[in-house]
Amino acid sequence: MHFFNELLGYGGISCETLQASYKPPMEREETSAKKHAKRSGKRLWSHEEDLRLIRHIEAYGKGSWTTLPQKAGLNRNSKSCRLRWMNYLRPDIKHGNFSPEEDDLILRLHRLVENRWSLIAGRVPGRTDSQIKNFWNTRYRGKKHIYSSFITI
DNA sequence: AACACGTACAACCGCATTGGT
DNA sequence: GACCAATGCGGTTGTACGTGT
């Protein structure tokens with residue numbers, strides 16, 4: 001939890017907001033899985049990288065994503081930084097399980113607009129299109145017959 | 001305790017769209 | 001209108017972790 005205290009010195013983010021919304025990355029060891037990740041090119045964001053990104057945005061705002069990685073001292077591309085902020089680090093994002101109300105709302109909205117995740121996310125406060133897409137894919141993909149039987153509009 | 005398997009979700013990729021010149 | 005760069009979106013892949021055997 002020291003991580004949250006560390007961030008409090010960088011303005012604008014309350015302790016409550018951070019604690020509710022941020023899960024620091026796991027300490028990761030040099031496992032075979034990590035070696036494989038290196039080979040495949042997929043690299044999870046470290047605690048330090050998150051901190052750098054948050055500090056930079058708190059200090060200078062989002063500005064241009066293309067110049068942000070260099071200015072913030074991040075060895076990441078602009079798309080990666082944007083994605084990390086938009087889908088994970090933004091203080092207004094809710095983390096944790098979807099409530100039954102959210103679940104129901106997503107089901108209804110998906111029935112209306114199908115896979116327009118950003119549109120659905122716009123109607124579900126605190127949730128991102130990515131969160132909703134993941135939620136849907138893990139819970140309902142390939143199970144349309146199950147949910148369609150109990151949805152009511 | 002060790003392994004296999006399934007689930008959740010973070011990260012990436014490719015394409016589409018938007019905005020500036 | 002054409003071109004290019006930046007940004008946004010949805011699909012897919014890979015990792016971490018929980019659970020069952």
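Proteins come first, then strands; the chains are lettered A, B, ... in the order of their sequence lines, and each starts at number 1. Quantities reported herein were computed from a predicted structural model and do not represent experimental measurements.
The nearest whole Å value for the distance from the NZ atom in A/K62 to the P atom in C/dT7 is 11 Å. In this structure, A/L44 places its CG atom 13 Å from C1' of C/dC17, rounding to the nearest Å. In this structure, A/R127 places its CZ atom 14 Å from P of B/dA8, rounding to the nearest Å. We find that CG of A/N77 is positioned 12 Å from P of B/dG14, with the value rounded to whole Å. Between the OH atom of A/Y88 and the P atom of C/dA16 there is a distance of 13 Å, given to the nearest Å. The distance between atom CG of A/N97 and atom C1' of B/dA8, rounded to the nearest whole Å, is 10 Å.
Between A/L68 and A/K62, every side-chain heavy-atom pair lies at or beyond the 4.5 Å cut-off. Contact annotation: the side chain of A/E49 approaches that of A/R43 to within less than 4.5 Å [non-hydrogen atoms, C-beta and beyond]. Inter-residue side-chain proximity for A/Y140 and A/L107 is flagged as met; some heavy-atom pair is nearer than 4.5 Å. A/W117 places a side-chain heavy atom less than 4.5 Å from the side chain of A/H110. For the pair A/F98 and A/I132, the minimum side-chain heavy-atom distance is below 4.5 Å.
Note on A/S64: only backbone sugar-phosphate atoms sit closer than 4.0 angstrom, heavy atoms only; bases stay farther off.
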Contact pattern, 5' to 3', of nucleotides 16-21 of chain B - B, S or - by protein heavy atom under 4.0 Å: ------
Footprint string (nucleotides 8-13 of chain C, 5' to 3'): B base within contact, S backbone only, - free, heavy atoms under 4.0 Å: BSBBBB
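Relative to the axis of its first five pairs, the axis of the last five pairs of the helix from B/dA2-C/dT21 to B/dT21-C/dA2 sits at 10°, rounded to 10 degrees.
For A/L83, the side-chain contact (heavy atoms from CB on, under 4.5 Å) partners are A/N87, not counting sequence neighbours. In this view, A/R82 satisfies the side-chain hydrogen bond (donor to acceptor under 3.5 Å, both in side chains) rule with no residue, not counting sequence neighbours. By the side-chain contact (heavy atoms from CB on, under 4.5 Å) test, A/T66 pairs with A/S64, A/S78, sequence neighbours left out.
Of the charged side-chain nitrogens involved, at least one lies within less than 4.0 Å of a carboxylate oxygen, so that A/E102 and A/K94 count as a salt-bridged pair.
Neither OP1 nor OP2 of C/dT15 sits under 4.0 Å from any side-chain N or O of A/R43.
Smallest separation of non-hydrogen atoms from A/R123 and A/L105: O-CD2, 3.5 Å. Residue A/A72 comes nearest to A/R52 through the heavy atom pair O-NH1, 3.4 Å, listed as atom of the first residue, atom of the second, then distance.
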